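Everything on this sheet refers to the single structure shown next.
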Protein chains: 2
Amino acid sequence: MLQSHQYLRQFSIKPSVQRSAVMNFLMKNRIHPTIDEIYMALVPTMPTLSKTTVYNTLDLFVEKGAVQALVIDGRNARYDVNISAHGHFMCKSCGKIHDVFDLDASMFKLPETTDFKIDSVDVSYFGVCKSCQGN
Amino acid sequence: MLQSHQYLRQFSIKPSVQRSAVMNFLMKNRIHPTIDEIYMALVPTMPTLSKTTVYNTLDLFVEKGAVQALVIDGRNARYDVNISAHGHFMCKSCGKIHDVFDLDASMFKLPETTDFKIDSVDVSYFGVCKSCQGN
DNA sequence: TTATTTATTGTTATGATTACAAAGATATAG
DNA sequence: CTATATCTTTGTAATCATAACAATAAATAA
């Protein structure tokens, strides 16, 4: 399996201890975490970690194209290390985000238009997930 | 042309002065405004208007299905009175949101899945608009 | 009219994000 | 190796959107 620091180098990101830790967390926890979730997960084993560093790190990752920032959750930014074309589902009840892979490739085709220079698409679904449907 | 208070009644919303003013603004200004933009536009002619009322009003409109809340802008909620299936484009430079109508209807088909009960889709494009491409 | 519900308002609290400056770590030139 | 410059991390403070809440005002029903 690809190591986080190798993955970072592919995107010309110098792998510091903090950056590798954040990337490693993203690669092993495909839960589209928020900044706070990342920080909370790492700070027990990295007590000097600053939340500002997590913000800076994710901004850098997005800028270099190593991760995707999701806007599906109006409240917090969320991050996805899977940069391939896929959609997302957000449960309105529990707030969890899930990947939606079984979509036609045409969904991610950028429309031809002279009005804008389009360079990415987000396909976001909303509803209620299975485990919340009991309520 | 349909009046705002008639439109509101179609969604079982009692048309108070404030609600009609907000809906009227949305119908005449198809710019996907933020709460603050709506408030700033109306307060000169409605000096007692409260921003809390604008929040309450839009929450009610969304709940009743009279307007669509967009999550395309990570910073602020934006509102669209056009509830038909269409996509949105956000310019990363100026932040303005534009409608994208020339999309295939299949884009808005909800995928068949047993994992989630999906009830809506958002198709969001990102890039740079024509007037920002000079920079 | 009086009671009850609904809508609006203003204030305050919360929580995510950004700005900024200082400290620390790393790389580079001499 | 040492000095200097650059990059990275840290912590604090500021900003800004949104939510919570209680009080007033307006509308509706009895």
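All chains are named by letter (A, B, ...) in the order of the sequence lines, taking the proteins before the strands, and each is independently numbered beginning at 1. Not measured: the values here are computed from a predicted model.
A 4.5 Å side-chain heavy-atom check between A:His86 and A:Leu103 finds every atom pair outside the cut-off.
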Between protein and nucleotides 17-23 of chain D, map the contacts as a letter string: B base, S sugar-phosphate only, - none, heavy atoms under 4.0 Å, written 5' to 3'.
SBSB---
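In this structure, the CD atom of A:Glu37 is 13 Å from the C1' atom of C:dA16, given to the nearest Å. Following rounding to the nearest Å, A:Ile38 (CD1) and C:dA16 (P) show an atom-to-atom distance of 13 Å. What separates CG of B:Leu49 from P of C:dT8 is a distance of 9 Å, to the nearest Å. Per the geometry, CE belonging to A:Met46 stands 12 Å off C1' belonging to D:dT10, to the nearest Å. What separates CG of B:Leu58 from P of C:dT8 is a distance of 12 Å, to the nearest Å. With rounding to whole Å, A:Glu63 atom CD is found 13 Å from C:dT18 atom P.
Partners of B:Lys117 under the side chain to side chain donor-acceptor pair (under 3.5 Å) rule, at least two apart in sequence or in another chain, are B:Asp119. Every residue two or more places apart in sequence or in another chain that forms a side chain to side chain contact (heavy atoms under 4.5 Å, CB included) with B:Val67 is listed here: B:Met23, B:Leu26, B:Leu58, B:Phe61, B:Val62, B:Tyr79, B:Val81. Considering only residues two or more places apart in sequence or on other chains, B:His5 meets the side chain to side chain donor-acceptor pair (under 3.5 Å) condition with none of them.
Of the residues in residues 7-29 of chain A, none has a non-hydrogen atom less than 4.0 angstrom from any atom of DNA chain C.
Identified under the side chain to side chain donor-acceptor pair (under 3.5 Å) test for residues 44-67 of chain A, with sequence neighbours left out: A:Asp36-A:Lys51.
At distances below 3.5 Å, at least one donor-acceptor pair connects side-chain atoms of B:Tyr7 with backbone N or O atoms of B:Ala66.
Between A:Lys130 and B:Asp115, no side-chain nitrogen of the basic residue sits less than 4.0 Å from a carboxylate oxygen of the acidic one, so the salt-bridge criterion is not met.
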Could you go through the ring-ring contact (aromatic ring centres under 6.0 Å, His included) check for A:His98 and A:His88 one step at a time?
CA-CA 6 Å; A:His98 302 264; A:His88 293 99; over 10 Å; no
